[in-house]
Amino acid sequence: MADRNIEKVEYWRWEESRWQNPEITDWRGSLVTAGVDIGSTSTQAAIMADGKLYAYASIRTGSNSPSSAVDAMNWALAGTDLTPEDLRYTVGTGYGRVNVPFADSTVTEITCHAKGANYIYGPTVRTLLDMGGQDCKAIHCDENGAVTSFMMNDKCAAGTGRGMEVIANLLAVHVEDIGEMSFRIDAEPPPVSSICVIFAKTEATNLMRSGWSKEKVLAAYCHAMALRVARLLERNEMRLDFAITGGIAKNSGVVKRIERLIGAEALRTDYDAQIAGALGAALMGKALYEKKGGKPR
Amino acid sequence: MIANYGCEDGSGIYYIRIDTGKCGDCQLRGCVGGCPQELFVIEEDDWGDEMAVVREDRRRTLQAVCAACKPQDRPPDPLPCQSACDRQAIEHTW
Ligand code: SF4
Ligand code: SF4
């Protein structure tokens, strides 16, 4: 009889992470602010001391957004000797921003991503593509990271982190391997035609049945996703420098295809581009705390 | 800031574009009462300045919501929302 207890592999599950800045050994005397970005698929918490990144954690969003916020913040705090009481001002952002129980205020993810990208990539960023779990946004910003225009397309999950996770599960490929695998092809296949993740799933299944390799299907899916966001970028006008934030920024299969389509290279960073929203929220926390004369709320 | 609210799908590109820099010292707020579908609301931006935004629950269905104002044979120019905004802050992409 077959073993019915075979562990189910969750191919969509990406690695949760935590980082702490080794250059900050003592935060005392600094203005410590925090940001929490609750997205539909991931939650990040970032802590800054005097506007310098001190620590962050990135976890999967659970079924309960407030506890995801608490878990992410506790993990970011672990290893520092900070306690939650040491956070002078905390900003919630993202799709679940109203569900950060310890936030002093909320700020839209558009503002936070632009601020975060300005920190991560530097003041030359003028066009930002935020590819989140459930939508993607094209944002223009100035040298201070202030938003000058934005356009978002949230009609459907294709072209988003969630869409990529669905395809990872369908093809039994770990989500973090998709980018590299999508280049193991002889020639670039045409993009999958569907812009809806449900139909893209059906189309991918049919392509596999007709003899396409997983690599070729992944290439077609990354191609479709890149086409979709390249159109959004062009619609909102491309200004250089250009950068990408959000989980998909780590998927080379999509990033390189976007670069090919728009004819410009995205800026690279050693930071995790997925934390831009939380980082920008922590920076907004500093600005709002100072604007309100040093008083939370 | 130029804010584009809406979406695109296989059938077209449906965004309402608002130049929110013009909303700050707008006294009349004509957009709020001027749209028969009550698409516009006034909200504070992240810095506490007031601006018009398109209601979040309507952004995915703008094509259908605005259809009554845009008969295909004879679309009015300007649209009711544009007439109501005396600062010319509103544009449509379709
Ligand atoms: S009427 Fe025009 S300028 Fe005034 S709030 Fe509405 S969109 Fe802004
Ligand atoms: S076209 Fe009509 S329904 Fe659409 S925003 Fe303008 S006034 Fe409102």
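Proteins come first, then strands; the chains are lettered A, B, ... in the order of their sequence lines, and each starts at number 1.
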Separation between CG of N118(A) and CZ of R126(A), rounded to the nearest 0.5 Å
8.5 Å
I'd like to check the ring-ring contact (aromatic ring centres under 6.0 Å, His included) partners of H140(A); sequence neighbours left out, ordered by chain and number.
none
Contacting moiety of T108(A), where chain B heavy atoms sit under 4.5 Å:
both
Between the main-chain N or O of R231(A) and the side-chain N or O of E234(A), is there a donor-acceptor pair closer than 3.5 Å?
no
Look at atom OH of Y95(A) and say whether more than 12 heavy atoms of other residues, nucleotides or ligands are closer to it than 6.0 Å.
no
Under 4.5 Å, heavy atom to heavy atom, which residues of residues 43-52 of chain B contact chain A?
D46(B), W47(B)
Using salt bridge (Lys or Arg N to Asp or Glu O under 4.0 Å) as the criterion, list what pairs up with D25(B), not counting sequence neighbours.
R87(B)
Inspect the surroundings of CD in E143(A) and state if more than 12 heavy atoms from other residues, nucleotides or ligands are less than 6.0 Å away.
yes
Do NZ/NE/NH1/NH2 and the carboxylate oxygens of E8(B) and R235(A) come within less than 4.0 Å?
yes
Quick check: under 4.5 Å, non-hydrogen atoms only, which of residues 273-282 of chain A neighbour chain B?
none
Between G92(A) and A103(A), the two heavy atoms sitting closest are N-CB, 3.9 Å
For the backbone of S42(A) and the side chain of T61(A), can you confirm whether one donor and one acceptor N or O come within less than 3.5 Å of each other?
yes
Would you please indicate yes or no on a ring centroid separation below 6.0 angstrom for Y5(B) and F40(B)?
no
